[in-house]
Amino acid sequence: MEIQGLVEAIKSNHQKSEQLDIDDNWSENSSAVFDYCENHLIKMESLPAYVTLDNPGQRIPEFGILNNGRPIEDILDIVKEDIVTPGLNPASGGHLGYIPGGGIPVSALGDYIAAVSNKYSGVFYGSPGAVRTENFLIRWMCDVMGYPKTAFGNLCSGGSIANLSAIICARDAHNATGANAEKSVIYLSEQSHHCVMKGLNMAGLGVAHVRRLKMDDEHKICADSFKKQVEQDKAIGLRPFLLVASAGTTDIGIIDPLDELADICEVHDLWFHVDAAYGGFFILLDELKNRFKGIERSDSIVLDPHKGLFLPYGLGTVLVKDKTHMQNAFRFEANYMQDANEFMDETSPAAVSPELTKHFRGMRMWLPLQLHGLAPFKHCLKEKVLLTRYFYERIKEEGFEVGNYPELSVMTYRFVPEYGDVNAFNEALMNYVKDDGTVFVSSTKLNGQYMLRLAVLSFRTHLSTINTLIDKLVEGKNHLLKQA
Ligand SMILES: Cc1ncc(COP(=O)(O)O)c(C=O)c1O
């Protein structure tokens, strides 16, 4: 094609693709989206925590993708009816299952700034401000956890990837690769989150020995039996190298005896990893700080702002006490990155994580912390702890059996009817609450028993929510007893 022909073709394509930038429809489209979101937020309190539909999201595939787009009203209709409505409403205060968080709205504004500016937050050279913002948040979390200046970390998508990153650092620091992997021993508790096993497999440690440690009556790792197991493993020529403990288990919210475990790891030169994805931010409460004693002695910690800081899903953190382990595990060099390597004022996220191009996810955390300050976050965490204790007392009064006294904001309970299958009764009770949909709870198995769980961590969960749950449970229990 001659130059003139090329120019004409370029102009024609430019004209037809111009709508990808802000155009005459921008203000109408953005207003429609903001109006929809604002309306959703205003109605949040009246929305159910769980919606059961016959064929949820069925219009999505047939909606397809058109060559020339479609009006925002049609799209928002699908968003509302088929995407946002069905299933769990994790933004609702009535979400009391799994590990909620709620998703504070200001965080969405942070995401908006990050997406509009599209700052390249993987490399300092590309975006010094974005990288300094994320590194500042990482150093703040290191301080909160009592880590020294040698520590560093990474903001990633969630707790699973954060745990994987810590496992990779531990593996490489202890040379648990190749032939060593098969002789390596990793210690977990029955209460470890399943993403730890996934992470071990992904890190090539599926071939290693995994010891599920004995637990005490409170489902905490029994330090004595851990010590004995390590000694036995060493005596038979194995290579113990990693302990994964929890500061806030998913099932029941307990904290392992971190200080005692740290002693053993020190003596036996084990990498001590603490999964504090759910519970870590409770350390911000002076009255709970002592329960985390020993976490500062760990080699790595996972901490999820999308749980304990109530951010929307998409932000987990790995902290590693000695930054060089992250740099060794995730180092990279490429010819096309040679300009970037000269700018080393700050460590780039890409140098300490598997990601290169990444969402500027620090903004979704930095903006709320700047705008609100820390105090409301602490009060919110305190409120969740108190609500869990309140539920514990009230549900016991209603004749339910309760598990451990809540250490943080997760606990288990069940109803034991005089006759019949207890597990089946509680499963039916959970389904009763789920079908009603006002609030949402989840269940687990402890010592082979079906247990209902309460997990209070949505910033929108308040006293009225817990009272509603109690009412629903009592109503459901009475209904099932009548049916029996
Ligand atoms: C203790 C703990 N670790 C890890 C995870 C996994 O985190 P994510 O779901 O963010 O990947 C969870 C999730 O609930 C958790 O509770």
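Positions are given from 1 along the sequence. Indexing begins at 1, ligand by ligand and atom by atom, following the structure's order. Heavy-atom basis, side chains included; hydrogens, waters and symmetry copies ignored.
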Option passing salt bridge (Lys or Arg N to Asp or Glu O under 4.0 Å) with Glu134 (candidates Lys119, Arg361, Lys358):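 Option passing the salt bridge (Lys or Arg N to Asp or Glu O under 4.0 Å) with Glu134: Lys358.
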Arg414 side chain to Val402 backbone, donor-acceptor under 3.5 Å: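 No; judged by distance alone, with no hydrogens or angles, the pair does not exist.
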[X]/[Y] ion pair, N-O < 4.0 Å:
{"X": "Glu427", "Y": "Lys434", "value": "no"}
{"X": "Lys321", "Y": "Asp299", "value": "no"}
{"X": "Glu266", "Y": "Arg297", "value": "yes"}

Beyond-backbone contact of Leu188 with Arg211, side-chain heavy atoms, under 4.5 angstrom: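 They are not in contact (no side-chain heavy atoms under 4.5 Å apart), so the answer is no.
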Residues in the immediate environment of ligand 1 (any heavy atom closer than 4.0 angstrom):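 Those residues closer than 4.0 Å to ligand 1 by some heavy atom are Ile99, Gly158, Gly159, Ser160, Asn163, His193, Cys195, Gly248, Thr250, Asp275, Ala277, Tyr278, Asp304, His306, Lys307.
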